[in-house]
Amino acid sequence: MKNVVITAATPEELRSGELGRKLRHYNYGFVGEYPEQQYIRLNARDERGRVLGGLRGFVFLYWLNIEVLFVEADMRGSGLGSRLLAEAERQAIELGAKHAKLETFEWQAPGFYRRHGYEEYSRIDDYAPDFYLALMKKSLSPRRDSALSSA
């Protein structure tokens, strides 16, 4: 290990995706082949083109990973966040996702996500001074009891 040098990855190395491919092929030995990461990028705009909110996430190993969901202050409570979340979940299911997960600070939206079926499975206290970070998840599979009741 004497001659090993650690450097920043070059732009070409980043573009090539080689490191991710190597990890994916290693993972295949444990969980079998799975689709490459697929991105979900949504924006909500008004008639003038103003971005009112959006969602950024990706599907990996059959999980929707929500990185950002944001709605402008004057649009909160209008249902826009719910619409963005529902559309992301719909697209994720089409991409093969079975579950969704996200992180949210206590001052952001844990109650919003609970109302949409997410449950807190872990918490990191004092992630930001005096505030916790909630880790939340949800099954995207149809519930058996709702499927039976609609039959």
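Aromatic ring centres of Tyr28 and Tyr34 lie closer together than 6.0 Å. Checked against a 6.0 Å centroid threshold, the rings of Tyr127 and Phe105 count as neighbours.
For Gln91, the side chain to side chain donor-acceptor pair (under 3.5 Å) test picks out Glu87, with sequence neighbours left out.
For Thr104 (side chain) and Ala134 (main-chain N/O), no donor-acceptor pair under 3.5 Å exists by modelled atom type. Side-chain N or O atoms of Asp46 include one that pairs as donor or acceptor with a backbone N or O of Gly49 at under 3.5 Å. Side chain of Arg41 to backbone of Gly57: a donor-acceptor contact under 3.5 angstrom is found. Under the 3.5 Å distance criterion, the side-chain polar atoms of Glu106 are matched with a main-chain donor or acceptor of Tyr132. Side-chain N or O atoms of Arg24 include none that pairs as donor or acceptor with a backbone N or O of Glu33 at under 3.5 Å. Panel note: side chain Asp125, backbone Arg123; no donor-acceptor pair is recorded below 3.5 Å.
Ile66 and Leu42 fall within a single hydrophobic cluster, where Ile, Leu, Val, Met, Phe, Trp and Tyr are joined by side-chain heavy atoms under 4.5 Å apart, directly or via other members. Residues Leu140 and Trp63 do not share a hydrophobic cluster, defined by chaining ILVMFWY side chains whose heavy atoms lie under 4.5 Å apart. Hydrophobic clustering (ILVMFWY, side-chain heavy atoms < 4.5 Å, transitive): Leu80 and Leu85 are in one cluster. No continuous path of hydrophobic side-chain contacts links Leu61 to Met136 [ILVMFWY only; heavy atoms under 4.5 Å]. Transitive grouping of hydrophobic side chains (ILVMFWY, heavy atoms separated by less than 4.5 Å) brings Tyr113 and Ile93 into a common cluster.
Of the charged side-chain nitrogens involved, none lies within less than 4.0 Å of a carboxylate oxygen, so that Arg76 and Glu72 do not count as a salt-bridged pair. A salt bridge between Arg114 and Glu119 is absent, with no side-chain N of the basic residue lying under 4.0 Å from a carboxylate O of the acidic one.
Atom CZ of Phe70 sits about 11.5 Å away from atom CE of Met75, to the nearest 0.5 Å. Note that the OH atom of Tyr62 and the CG atom of Leu95 stand 11.5 Å from one another [nearest 0.5 Å]. Atom-to-atom distance recorded for Tyr121:OH and Lys101:NZ is 5.5 Å, nearest 0.5 angstrom.
Among all heavy-atom pairs drawn from Gly81 and Leu69, the shortest one is O-CD2, 4.2 Å. Of all heavy-atom pairs between His116 and Ser82, the closest is NE2-OG, 2.9 Å.
With 3.5 Å as the limit, one finds a donor-acceptor pair spanning the side chains of Glu13 and Thr10. Using modelled atom types and a 3.5 Å distance limit, the side chains of Asn43 and Arg56 yield a donor-acceptor pair.
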Can Val51 and Arg45 be said to form a side chain to side chain contact (heavy atoms under 4.5 Å, CB included), step by step? CA-CA 4 Å; Val51 175; Arg45 299 178 188 276; 3.0 Å; yes

Using the salt bridge (charged side-chain N to carboxylate O under 4.0 Å, His left out) rule, take Glu18 and Arg21 through it: C-alpha gap first, then chi angles, then the decisive distance, then the call. CA-CA 5 Å; Glu18 179 183 4; Arg21 271 193 306 283; 5.7 Å; no

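Counting non-hydrogen atoms of other residues, nucleotides and ligands closer than 6.0 Å to CG of Leu14 gives a total above 12. Other residues, nucleotides and ligands contribute over 12 non-hydrogen atoms within 6.0 Å of the CD atom of Glu12.
Counting heavy atoms from C-beta on, the side chains of Asn65 and Phe60 come closer than 4.5 Å.
With Glu89 as reference, Leu64 is the one residue of Leu84, Ile40, Leu55, Leu64 to meet the side chain to side chain contact (heavy atoms under 4.5 Å, CB included) rule.
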